[in-house]
Structures are given as structure tokens and as C-alpha cells.
Amino acid sequence: DVQQLWDNNSNKAIGGRLGYEFLPGLEIGGSYSRQKYDEDNQLDIDFLGVDIQFKRGNLELRGEYIVSDVDRATVDGGNFDRNGYYLQASYKYPFDLNYVKSLEGVIRFASLDDSNSINREEENRTSIGVNYFPIEHVTIKFEYEFDQESGQELYGKSFVQAIFKW
């Protein structure tokens with residue numbers, strides 16, 4: 001399993017991102033990350049991505065395309081790759097109320113094409129949400145996701161998340 005909840009080896013991930021602001025509010029970037037993910041420090045996972053962000057006033061548009069290459073033992077099915085992207089639009093509306101600094105509406109579409117799946121089919125997700133900023137350094141997110149996997153019925157789930165920044 002590639003997803004780990006704790007550090008299971010002595011290898012550390014190496015990665016970074018470079019971005020360049022071409023015009024005021026328009027930034028394009030690229031990122032790369034590489035690490036070993038198994039207990040024996042033998043199996044690699046690599047990520048390569050390109051992203052774009054546009055900000056104008058309270059409007060923000062962003063997107064990213066990323067590819068990954070995952071080493072896996074032959075007995076477990078062999079190496080595989082996957083790629084995916086997301087597109088997101090948000091608008092932050094300022095308020096002048098005691099407990100509401102601003103609200104931000106967000107809509108996002110994401111797609112993943114995973115060669116690890118038997119039929120190499122896409123999984124898509126559409127998310128809508130509202131971010132609430134009660135005070136500086138605190139965001140509370142309310143989000144609903146519509147997930148669609150090939151051959152599966154559309155299903156949804158909701159999230160509430162608190163973010164503290166310092």
C-alpha cells in the first residue's frame with residue numbers, strides 16, 4: 001500500500017516547487033517529489049506536476065495537473081502510473097459583521113486516471129463548499145463532494161473542517 005500514516009523507513013521525501021508570476025495575479029509553477037515508501041527502502045514513488053493560479057480582486061482560479069510513477073513488487077501487480085488534474089474557482093465575499101470577516105464560495109472538479117485499476121478508468125469528483133473566516137488565522141470549511149467512479153453510481157459525502165494558521 002502506497003498510502004502511509006507514519007514514517008515506515010529511513011528514507012525522506014525530497015521535493016519542491018518553483019513558481020513564477022508572469023503578470024500581476026497570474027502564477028505558473030512546477031513541482032517534483034521523490035521518495036521510498038516501503039520498509040526496505042526499495043520502492044520509489046515519484047510525482048511531477050504543473051500548476052496555474054490566477055487572482056483578481058476576490059476571485060481566484062487555479063488548477064493543477066500531476067503524474068506519478070509508483071514502483072511495486074511484481075507479486076503485487078507490478079509498477080503503475082496515474083495522472084490527474086483539478087480545476088477550482090472561488091470568490092471571497094467580505095462582510096462587516098461582528099462574527100463574520102468573510103465568506104468564500106468554492107467549486108472544484110477533479111479527475112484521476114489510475115493504471116492500477118483493472119480497467120484503467122477515471123474517477124471524477126465535483127465539490128462545492130463555503131469557507132467561513134470568523135477571525136484572522138482561522139478558517140472553517142463546509143464542503144459537499146459528488147464522486148463518480150466508472151461503472152459506479154454517483155454518491156456524495158459532506159465535510160466540516162477547521163483550519164488554524166500561524
Side-chain angles (χ1 to χ4, degrees), residues 2-5 7 12-35 37 44-70 80-117 120-150 152 154-166:
V2 175
Q3 188 175 24
Q4 300 291 335
L5 300 177
D7 193 357
K12 301 300 174 226
I14 305 288
R17 178 186 179 275
L18 290 174
Y20 183 74
E21 189 170 8
F22 285 91
L23 300 169
L26 177 63
E27 181 178 312
I28 296 177
S31 57
Y32 178 77
S33 175
R34 180 180 183 94
Q35 68 190 49
Y37 70 90
D44 290 318
I45 183 168
D46 296 291
F47 296 97
L48 179 64
V50 62
D51 62 86
I52 187 167
Q53 177 178 313
F54 176 75
K55 287 184 179 182
R56 178 70 43 104
N58 294 337
L59 175 68
E60 182 176 336
L61 305 172
R62 62 174 48 208
E64 181 176 26
Y65 177 78
I66 192 163
V67 295
S68 66
D69 179 44
V70 181
F80 67 96
D81 63 296
R82 55 189 167 190
N83 65 76
Y85 67 92
Y86 80 87
L87 302 170
Q88 177 177 303
S90 64
Y91 185 83
K92 187 182 280 188
Y93 188 79
F95 282 91
D96 192 14
L97 299 174
N98 290 339
Y99 297 104
V100 181
K101 186 175 178 183
S102 61
L103 290 175
E104 180 178 40
V106 180
I107 186 163
R108 178 180 177 130
F109 177 80
S111 182
L112 173 67
D113 183 5
D114 189 352
S115 72
N116 187 36
S117 65
R120 191 177 178 113
E121 296 179 354
E122 286 189 15
E123 299 175 20
N124 297 317
R125 172 178 292 157
T126 302
S127 307
I128 56 172
V130 174
N131 297 334
Y132 166 54
F133 304 89
I135 59 174
E136 190 175 4
H137 305 296
V138 175
T139 305
I140 300 174
K141 300 177 78 167
F142 302 91
E143 181 178 317
Y144 191 82
E145 296 179 347
F146 303 90
D147 290 336
Q148 177 70 59
E149 297 178 26
S150 295
Q152 304 285 326
L154 182 70
Y155 63 94
K157 54 189 167 194
S158 57
F159 296 92
V160 176
Q161 180 179 32
I163 300 169
F164 303 93
K165 303 175 192 171
W166 60 89

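These figures come from a predicted structure and were not determined experimentally.
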Inset, instruction - Provide the closest heavy-atom pair for Glu21 versus Gly25 in the form atom of the first, atom of the second, distance. - result: OE2-N, 2.8 Å

Inset, instruction - Indicate yes or no: at least one non-hydrogen side-chain atom of Ser31 is less than 4.5 angstrom from one of Glu64. - result: yes

Legend entry - Distance, nearest 0.5 Å, that separates CZ of Phe133 from NZ of Lys92: 4.0 Å

Legend entry - Closest approach of Leu61 to Ala89 (non-hydrogen atoms, all atoms of both residues): CD2-CB, 3.6 Å

Legend entry - Non-hydrogen side-chain atoms of Tyr20 and Ile28 separated by less than 4.5 Å: no

Inset, instruction - Looking only at non-hydrogen atoms, find the nearest pair between Pro24 and Arg56 and report the distance. - result: O-NH2, 4.0 Å

Inset, instruction - Measure the CD1-CD1 distance between Ile107 and Ile128 for me, rounded to the nearest 0.5 Å. - result: 7.0 Å

Inset, instruction - Write down the atom of Pro134, the atom of Ile140, and the distance for their closest heavy-atom approach. - result: CG-CD1, 4.4 Å

Legend entry - Distance, nearest 0.5 Å, that separates OH of Tyr144 from OG1 of Thr126: 11.5 Å

Legend entry - pair Arg82-Leu112: side-chain heavy atoms closer than 4.5 Å: yes

Legend entry - Euclidean distance, Arg34 CZ relative to Phe47 CZ, rounded to 0.5 Å: 12.0 Å

Inset, instruction - Report the C-alpha distance between Arg125 and Glu123 in whole Å, list the side-chain angles of each, state the deciding distance to 0.1 Å, and finish with yes or no for salt bridge (charged side-chain N to carboxylate O under 4.0 Å, His left out). - result: CA-CA 7 Å; Arg125 172 178 292 157; Glu123 299 175 20; over 6 Å; no

Legend entry - Crowding at OH, Tyr93 (>12 non-hydrogen neighbours, <6.0 Å): no

Inset, instruction - For the pair Phe109 and Asn124, evaluate side chain to side chain contact (heavy atoms under 4.5 Å, CB included) and give the outcome as yes or no after the intermediate values. - result: CA-CA 7 Å; Phe109 177 80; Asn124 297 317; 3.7 Å; yes

Inset, instruction - Please answer whether the main-chain N or O of Asp69 pairs with a side-chain N or O of Asp81 as donor and acceptor at a distance below 3.5 Å. - result: no

Inset, instruction - Heavy atoms only: give me the nearest Glu27-Gly19 pair and the separation to one decimal. - result: OE2-CA, 4.1 Å

Legend entry - Value rounded to 0.5 Å, distance of OG in Ser111 from CG in Asn83: 8.0 Å

Legend entry - Ring-face cation contact, Phe146 with Lys157, 6.0 Å cut, 45° max: no

Legend entry - Derivation of the side chain to side chain contact (heavy atoms under 4.5 Å, CB included) call for Phe159 and Glu145: CA-CA 8 Å; Phe159 296 92; Glu145 296 179 347; 3.3 Å; yes

Inset, instruction - Start with the C-alpha distance between Lys141 and Val106, add both sets of side-chain angles, then the distance that settles side chain to side chain contact (heavy atoms under 4.5 Å, CB included), and finish with yes or no. - result: CA-CA 10 Å; Lys141 300 177 78 167; Val106 180; over 6 Å; no

Legend entry - Point-to-point distance, once rounded to the nearest 0.5 Å, from CZ of Phe164 to CD1 of Ile135: 8.0 Å

Legend entry - Polar contact flag, side-chain donor to acceptor under 3.5 angstrom, Asp51-Tyr65: no

Legend entry - Derivation of the side chain to side chain contact (heavy atoms under 4.5 Å, CB included) call for Ile52 and Leu26: CA-CA 7 Å; Ile52 187 167; Leu26 177 63; 3.9 Å; yes

Inset, instruction - Apply the test salt bridge (charged side-chain N to carboxylate O under 4.0 Å, His left out) to residues Arg108 and Glu60: give CA-CA distance (whole Å), side-chain angles for both, the deciding distance (0.1 Å), then the verdict. - result: CA-CA 12 Å; Arg108 178 180 177 130; Glu60 182 176 336; over 6 Å; no

Legend entry - Heavy-atom closest contact (Pro94 atom, Ser102 atom, distance): CA-CB, 3.9 Å

Legend entry - Heavy atoms from other residues, nucleotides or ligands near NZ of Lys12 exceed 12 (cutoff 6.0 Å): yes

